[in-house]
Protein chains: 2
Amino acid sequence: MRSYICGIFSNDMFSKSCEYAIKAMIFIAQKSQPETRISIKEIAGGIGAPEHFIAKILQELSRKKLLHSIKGPNGGFYLTKADYKTSLADIVKVMDGDKIYNVCVLGLKSCSPKNPCPVHDEYKEIKKNLISMIEKNTIGTFNQKLHSGKLHLKTRN
Amino acid sequence: MRSYICGIFSNDMFSKSCEYAIKAMIFIAQKSQPETRISIKEIAGGIGAPEHFIAKILQELSRKKLLHSIKGPNGGFYLTKADYKTSLADIVKVMDGDKIYNVCVLGLKSCSPKNPCPVHDEYKEIKKNLISMIEKNTIGTFNQKLHSGKLHLKTRN
DNA sequence: ATATAAAAAGACAGGATACTCTTTTTATAT
DNA sequence: ATATAAAAAGAGTATCCTGTCTTTTTATAT
Ligand code: FES
Ligand code: FES
């Protein structure tokens, strides 16, 4: 058995970058009042991610307008009201592209009913649910749940 | 956006090794009559995998008794009747371990209701379906479908 | 204007998966 | 017994994600 730690099946469901991106968005939503800015250091500590690594990710999210930032003293990251409508799917697409919609679980060039791999039919429904889930859930909905106090963001339990 | 090709979400659902393992098992089941042996070369060609790479994978599957092999002239790989009962879950466990049962999609140390990450509840049902799917589907069931002629194994369409 | 604080950007190191190449072992046929 | 064919095993390479470090840019406060 390979020692590689895997996700749903063999790999992580999300890339590490994508995991951190989702957690960071949720953390910022939770911590920031509208227009309050949070620093990279605070975010990194809050979600248990390497500081310089999460910095890169925040830059990417910022470039794609999923969050906003201001440089200089008292600067930092923040979300606008509109940003709370960002879905998990939006984040995943920014971090890893839209492969989710056409990737075959067995590695065929593309997933389609015309060229189905052996597990295509079995996976079809699951895939639909997965996509529906990440499209429906937004940062705002997670934020509400977090305030109920039972959810965790840090890697180490 | 990173150029990394991803699976369900960001990563491949299965590792490449696991994909090849599943395809190889299905291919062998399809090609071999009981006790007929198939060579590495034939398997590699049949599923579109690198020859020496699939060799390693077949060795691993063989060590774990998911398939059988004989060395020497006229040697090769084959499946016994019992081997047809191998489930996708069995293969995944051999190739990548049983992380599927306790990995958190957001990278927490473990997935549990006591320490839920923000997407835990949304993911719970999907995870159940995924696990159920790979546990129910066996090499034998795929083999029957393959013989209907519409399924594909090779990476390139 | 200057110092400062914070993000943005660039370059680099580590580790794991994916893949290749070579040698060894073993069973078969002659 | 010997040659041969095929899997088993070992060693090494490439690529990519992950993570670290340093420098640059920019906005703020004094
Ligand atoms: S073709 Fe493989 S999952 Fe659709
Ligand atoms: S705790 Fe994250 S998926 Fe269960």
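Sequence lines set the chain letters: A, B, ... in the order given, protein chains first and strands last, and positions in each chain run from 1. All of these numbers come straight from a predicted model, not from anything done at the bench. For the numbers below, each heavy atom of this structure counts, side chains included, while hydrogens, waters and symmetry mates do not.
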Rounded to whole Å, how long is the line connecting atom [atom1] of [X] with atom [atom2] of [N]?
X	N	atom1	atom2	value
F77(A)	dA27(D)	CZ	P	14 Å
E60(A)	dA7(C)	CD	C1'	15 Å
I28(A)	dA6(C)	CD1	P	15 Å
F53(B)	dA11(D)	CZ	C1'	16 Å
I40(B)	dA9(D)	CD1	C1'	11 Å
R63(A)	dA8(C)	CZ	P	8 Å
N74(A)	dA7(C)	CG	P	11 Å
Q59(A)	dG19(D)	CD	P	16 Å

Which nucleotide, [options], lies nearest any side-chain atom of [X]?
X	options	answer
K71(B)	dA29(D), dT20(C), dA27(C)	dA27(C)
H52(B)	dT22(C), dA5(D), dC21(D)	dT22(C)
S39(A)	dT20(D), dT20(C), dA7(C)	dA7(C)
I70(B)	dT28(D), dA8(D), dT28(C)	dT28(C)

Compute both the distance and the angle, then confirm whether K16(A) meets the cation-pi test with Y20(A): under 6.0 Å from the six-membered ring centre, within 45 degrees of the axis. yes

A55(B) vs Y20(A), nearer the 5' end of DNA chain D by closest nucleotide: A55(B)

Is [N] paired to anything, Watson-Crick or G-U wobble with both distances less than 3.5 Å, and if yes, which nucleotide?
N	result
dA11(D)	dT20(C)
dT28(C)	dA3(D)
dC16(D)	dG15(C)

For H68(B) versus K65(B), what's the shortest heavy-atom pair and its separation? CE1-O, 4.1 Å

So K56(B), base contact, sugar-phosphate only, or nothing? Heavy-atom distance under 4.0 Å. base

What contact category does I38(A) fall into here, base, sugar-phosphate, or nothing, at under 4.0 angstrom with non-hydrogen atoms? sugar-phosphate

Separation of K93(B) NZ from Y101(B) OH (nearest 0.5 Å): 4.0 Å

Using modelled atom types and a 3.5 Å cut-off, is there a donor and acceptor pairing between side-chain atoms of [X] and backbone atoms of [Y]?
X	Y	value
D90(B)	S87(B)	yes
K85(B)	T138(B)	no
K23(A)	L153(A)	yes

Under 4.0 Å between a side-chain N or O of [X] and OP1 or OP2 of [N]?
X	N	answer
R37(A)	dA7(C)	no
S69(A)	dA8(C)	yes
S62(B)	dA7(D)	no

